[in-house]
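Have a look at the structure below before the remarks.
Each residue takes its place number in the sequence, starting with 1. Indexing begins at 1, ligand by ligand and atom by atom, following the structure's order.
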Amino acid sequence: MLPRRDFLRTGLLTASAAACAAPMGLAAASSDSRIEVLLDEPLGVISPNIYGHFTEHLGGVIYDGIWVGEDSPVPNAQGIRKRLIEEMRKIKAPVVRYPGGCFADSYNWRDGVGPVKQRPRRTNFWEEADNSPSSPANHKFENNRFGTNEFVRFCKLIGAEPYLAANLRSLTPEDFYRWIEYCNSPAGSTSLAELRAAAGSPEPFAVRFWGVGNESWGCGGNFTPQEYAVEFRRFSTWLPAYGQKLSLVASGPNSGELSWTEGFFEELLRKGPEQLDSVYGLSLHYYAWNLSRGRTNDWEKGKGSALEFEPIDWYELLREGQRIEEMVQAHWNVMAEFDEQHKVKLVVDEWGPWYRPGSEATPGDLLEQVPTLRDAVFSAMTLDIFNRHPEKVAMAACAQLINCLNSLYLAHEDKFCVTAVGHVFALYTAHQGGQSLRTLISAPAVHYDRDGKPATFWGLQGSASLHGKELVLTVVNPHVSEPRETVVNIRGASISSASSTSLTSPDIHAHNTFAEPTALEPQSKSLALSGPLLTIVFPPASVTRLSLTLS
Ligand code: AHR
């Protein structure tokens with residue numbers, strides 16, 4: 001069993017845990033943790049696109065989440081929820097993936113363009129799974145009110161680039177290049193450009209990112225990697241560019257399946273090394289879902305609850321999530337065998353925890369879960385991992401933006417809240433475009449009891465990025481009850497001013513709801529310096545961003 005103190009969060013502990021700078025001499029003596037940021041060891045520029053998002057015609061993501069309609073009493077800009085636009089501008093959302101997910105490989109983009117009244121109603125890919133009596137009809141039967149134009153409008157309103165996933169399972173390469181033609185052909189040049197203009201967009205959308213299928217090993221066609229590579233070559237062989245560089249993302253492995261990556265590249269390159277030029281990125285999907293502590297690999301039985309969990313489930317989720325770092329490294333190593341210069345990058349375009357149903361903020365919303373502080377820590381940990389591998393991960397998308405899995409926002413009719421995950425994205429925006437720096441972190445490990453066997457997890461982790469003289473350092477303390485007093489040293493500079501913002505709570509289950517939208521909010525403070533090093537206490541169960549000015 002875990003020691004009882006690990007299950008309880010006492011008032012005393014909480015009081016001592018608020019992120020604060022401690023006077024050096026005194027505190028350093030008792031600090032058991034150290035962070036050293038190495039200014040002279042740059043790792044690469046952090047692509048803003050790793051802070052991307054994923055939206056699918058699934059449950060309440062599009063209808064109710066993003067789209068409320070022009071005539072809605074909910075404040076909207078041309079049908080798109082205004083509050084969502086405001087929040088996404090704040091986090092500088094760089095890129096949004098659409099229309100799926102599994103939905104993408106059953107979607108005909110033509111259904112979602114042209115006069116609204118003439119758009120057909122179709123059975124949504126998720127119809128069978130979406131079997132709650134509370135689920136509205138437009139979640140199951142797609143009315144196509146929201147299509148390419150509306151999505152691109154949404155992207156423009158939030159200042160993000162669109163990333164469209166093409167249907168490889170049930171449409172043809174021609175449909176793919178016609179969609180590109182619809183989006184990118186110059187004003188007045190083609191019939192499809194005119195159709196676009198008739199919907200109010202004469203100028204091309206200039207869509208750069210295109211996914212060639214989704215999860216082609218599963219819902220996207222059940223291909224072998226070799227079969228998919230042949231399809232990829234066929235779909236990518238001739239595409240109209242109109243002066244717009246197209247960056248194609250190949251459907252990649254499920255989690256750690258290295259045989260997919262190997263099989264795909266082997267077959268792709270059978271036609272010669274120049275085939276690599278057609279691939280911008282290899283997609284990697286990884287969901288942390290198995291909280292069974294090794295008892296089962298059954299997709300349904302292995303899942304845990306989003307809201308009801310013990311500290312052991314907290315650590316187990318983080319352990320599952322941490323695995324993504326090995327996956328990034330392992331797929332990268334396989335890719336190196338085929339692509340020595342690493343022209344092709346990883347695109348982690350679906351990631352996050354996946355729990356069993358039961359915590360929906362809006363009953364009937366398929367796959368909706370309410371993120372807690374645990375998911376905030378998970379998400380911060382994942383973003384730190386991407387930050388630490390800037391040369392490998394070029395783009396990523398948290399699954400999914402709103403009313404779904406690891407959502408940043410929950411919305412229903414006029415109700416809206418920023419979740420714990422949304423707050424993490426807001427904290428981490430500061431890393432975008434910075435120079436990632438190697439950072440050495442040493443802290444006592446977390447020890448816990450895993451069904452009678454001792455288990456450990458790292459004690460502190462994080463990432464650092466430099467922006468001129470400003471250094472951003474984000475740190476996760478995963479321990480459910482122990483603060484970590486830590487000495488921070490920037491090797492090669494002194495700190496002239498410092499401030500911190502932390503997201504934490506005495507309750508590890510803390511989460512925001514429509515009724516209590518600010519139950520969990522980050523707290524900021526400036527830190528007093530009393531020497532060349534900074535000593536700071538990272539609260540238990542916390543995500544902290546330090547903003548340091550260097551001299
Ligand atoms: O995000 C939900 C689903 O998970 C996506 O549609 C699919 O790509 C993945 O399996």
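Scanning the protein heavy atoms around atom 6 (O) of ligand 1, the nearest turns out to be E56 OE1, 2.7 Å. Of all protein heavy atoms, the one lying nearest to atom 2 (C) of ligand 1 is Q400 NE2, 3.6 Å. Looking from atom 1 (O) of ligand 1 to the surrounding protein, the closest heavy atom is Y287 OH, 2.8 Å. Of all protein heavy atoms, the one closest to atom 10 (O) of ligand 1 is E215 OE1, 2.7 Å. In terms of protein heavy atoms, atom 9 (C) of ligand 1 is closest to E350 OE1, 3.0 Å.
With a heavy-atom cut-off of 4.0 Å, W126 touches ligand 1 through its side chain alone.
Which parts of ligand 1 touch N214 is read off a 4.0 Å heavy-atom cut-off, strictly below it: atoms 8 (O). Near F54, the atoms of ligand 1 lying under 4.0 angstrom from a non-hydrogen atom of the residue are 1 (O). Counting the atoms of ligand 1 from 1 in the order shown, those under 4.0 Å from a heavy atom of L405 are 1 (O).
Expressed to the nearest 0.5 Å, how far CG of N254 lies from CE of M327 amounts to 8.5 Å.
A cation-pi arrangement is not found for R81 relative to Y409, the charged atom failing to lie both closer than 6.0 Å to the ring centre and inside a 45° cone about the ring normal.
Annotation: side chain to side chain contact (heavy atoms under 4.5 Å, CB included) contacts of N143 (sequence neighbours excluded): Y63, R121, N138, R145. Residues that satisfy the ring pair (Phe, Tyr, Trp, His ring centres under 6.0 Å) test with F154, not counting sequence neighbours, are absent from this structure.
Taking the six-membered ring where the residue is Trp, F425 and H53 present tilted rings, their angle falling between 30° and 60°. Relative orientation of the F309 and H509 rings is tilted, given thresholds of 30° and 60° on the angle between their planes.
Remark: the backbone N or O of D365 is not paired with any side-chain donor or acceptor of S135 at under 3.5 angstrom.
Assignment of F125 to the shell around ligand 1 is not supported, since no heavy atom sits closer than 4.0 Å.
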